[in-house]
Amino acid sequence: VVVFGTTFFNFDSFIGKTDSIEIIGKSVFPYCYHNILPLLNDSGRYSLGDARRPLHETAVLVEDVVHTQLINLLQQAAEVSQLRGARVITPEDLLFLMRKDKKKLRRLLKYMFIRDYKSKIVKGIDEDDLLEDKLSGSNNANKRQKIAQDFLNSIDQTGELLAMFEDDEIDEVKQERMERAERQTRIMDSAQYAEFCESRQLSFSKKASKFRDWLDCSSMEIKPNVVAMEILAYLAYETVAQLVDLALLVRQDMVTKAGDPFSHAISATFIQYHNSAESTAACGVEAHSDAIQPCHIREAIRRYSHRIGPLSPFTNAYRRNGMAFLAC
Amino acid sequence: MASAPWPERVPRLLARRLPSYPPPPPTVGLPSMEQEETYLELYLDQCSAQDGLAPPRSPLFSPVAPYDMYILNASNPDTAFNSNPEVKETSGDFSSVDLSFLPDEVTQENKDQPVISKHETEENSESQSPQSRLPSPSEQDVGLGLNSSSLSNSHSQLHPGDTDSVQPPPEKPNSDSLSLASITPMTPMTPISECCGIVPQLQNIVSTVNLACKLDLKKIALQAKNAEYNPKRFAAVIMRIREPRTTALIFSSGKMVCTGAKSEEQSRLAARKYARVVQKLGFPARFLDFKIQNMVGSCDVRFPIRLEGLVLTHQQFSSYEPELFPGLIYRMVKPRIVLLIFVSGKVVLTGAKERSEIYEAFENIYPILKGFKKA
């Protein structure tokens, strides 16, 4: 998915909030411990300590990217709902948008199933929860799974979507993330580990109302329903995760290894970014040299876009808004 | 079927510490569930004909009785068989014995469970098989359910002559410690886990029982205290009692769900209390198919656990999504238990139908968790 090219992702036109950085439940970068982003909200910044404070610029940039992508995704989903004549954006619309990328769709489905399973278990533990569930009347068990199964059943022409339910392949991306986390946590002491765990638990779904506000769907005619919001929160988290994965790859690439035969082939724009003003600013934060820099993020996004590369005129990624989604 | 009420079966004390329910496999010729149901029905039929608490029952039939019986029977099983029929007639003599020397909780329980004692007596009077279930060595230590108690009952029946006087009190402490040991006949199971001395504590038991009669929920809600009923919201009466602290959902079909108890016996006791309430309101409630549906236990291993390592090595059993739930969900195959493992070292075990499953699951997971101890 990493494509070299010359165009660059123009995100300036989509910048939402810059000053009052109200990032709700900003999910943590659990993948690169040293990049745990601050959780910025009304009550103040939640900083995780000097050595682990990620660059503010990186945080801002990631927030922008995620917000932009989500808004675009929402708009596309709204179009799909309108085609159906529905009044709310349902999870089915989001699943429909994701139908092309099997791996990401599978990850989303797995997430939905785990969510169902977890509710079922937690319900059995606390008697109050059990009562609540009974009182809510409808059969809530496995509701997300049912939604997904029914929908994919209806749109599946070739049987490959339904095959995903039985598919037990290992999700490589997830596997890599797990391994990375394991490697990092092995060397931590218990205080650091406690902190790490806490930050891993941050998610967009915990503060659903703030997430909703941040997304700002008020201008849209069709709004997402509850399960769709859950999925959007998950996709936001996945976007951040993908960005980090890619940025780490980029950073790895940037380190020129002696004897690396391809070091001369790294693209010109890439080097330009690296040598730009940003890096001089970054020099001032030598201590955070292992933090992800905005340039890494930008390069990752640039490479991810389908618009670059020798085959770009022939791909159908020339969507109206030109956005390549990281999450789907 | 009608017979004189049986004296209180203090062997019920053993039953109080039931580690497992339903009864263990009938390798010792324990009665089948159907027979048990019949006894329940018979007993409850009798029960509904009576009113008020039963008079205090004989303390004679302490859990020690089995010991005596064991010795007796070991030497002379035949006489035991023969004496059984006679016992039935004479058992009624022990209806008015003083219970005051028993510890409070026992007496309390006896008062609370007049039903149970009668039930046992019914069971005993009806069953023919108890005779064939004369004690084997392992039976002595049984704290299991109806079967063991009826066994003990049969033991008690078998030596009415001996126990005319009160059993020697010194034996009582033994019986208590016996009952506290919670040992099953099949596997000597102690609540103390051998490896680490940490015992999971039961936190919640969900059980169901069939009252076997159609209920008028509105009438129940109006007449019973601590009952709420909102037909628009949910089609059942929610009733609560304070001792044991539990909640019950009572449906118009007669089925009932009882939650919140901290032990199997408490769950059973609570379910009986609810059944009693329903009975007192005029419905012919019975107590069929009492079944423990789920047991939840929790404990603390007292060291932090590196969940990332655990999820990687036990991928096929675990799922860990910290942004969704802070604990790792571990699906153990044998026994089929779900464990929620937290970074702090707290472990919650759920999905058990028997106490032994919880203990076993914890025994299995403890060495694994030690391997991922976060120094």
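Here is how names work: the chains are called A, B, and so on, in the same order as the sequence lines, proteins then strands, and each is numbered from 1. Heavy-atom basis, side chains included; hydrogens, waters and symmetry copies ignored.
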Where on [X] is there a heavy atom nearer than 4.5 Å to chain A: the side chain, the backbone, both, or neither?
X: Leu349(B); value: neither
X: Gln315(B); value: side chain
X: Glu321(B); value: side chain

**OP:** Please determine if Arg268(B) forms a cation-pi arrangement with Phe290(B), meaning its NZ or CZ atom is less than 6.0 Å from the six-membered ring centre and no more than 45° off the ring axis.
**Re:**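 Yes, a cation-pi geometry.
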Original post:
Is chain B contacted by the side chain of Arg183(A), its backbone, both, or neither, given a heavy-atom distance below 4.5 Å?
Top reply: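 Answer is neither: Arg183(A) stays 4.5 Å or more from chain B.
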**OP:** Below 4.5 Å from any heavy atom of chain B, which atoms of Lys120(A) appear? Answer side chain, backbone, both or neither.
**Re:**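 No part of Lys120(A) comes within 4.5 Å of chain B.
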Original post:
Between Ile329(B), Leu324(B), Val311(B), Leu310(B), which shows the greatest number of heavy-atom pairs under 4.5 Å with chain A?
Top reply: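 Counting heavy-atom pairs under 4.5 Å, the top option is Leu324(B).
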Subject >> Interface residue of largest heavy-atom contact number with chain A, from Val296(B), Asn294(B), Asn230(B), Val348(B), under 4.5 Å >> reply: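 Most heavy-atom pairs within the cutoff with chain A belong to Val296(B).
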Check: [X] side chain, [Y] main-chain N or O, donor-acceptor pair, under 3.5 Å:
X: Lys262(B); Y: Pro244(B); answer: no
X: Lys346(B); Y: Asp300(B); answer: no
X: Lys218(B); Y: Pro231(B); answer: no
X: Arg331(B); Y: Ser319(B); answer: no

**OP:** May I ask you to decide if the ring planes of His314(B) and Tyr330(B) are parallel, tilted or perpendicular, using 30° and 60° as cut-offs?
**Re:**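 The arrangement is tilted - the two ring planes meet at 30° to 60°.
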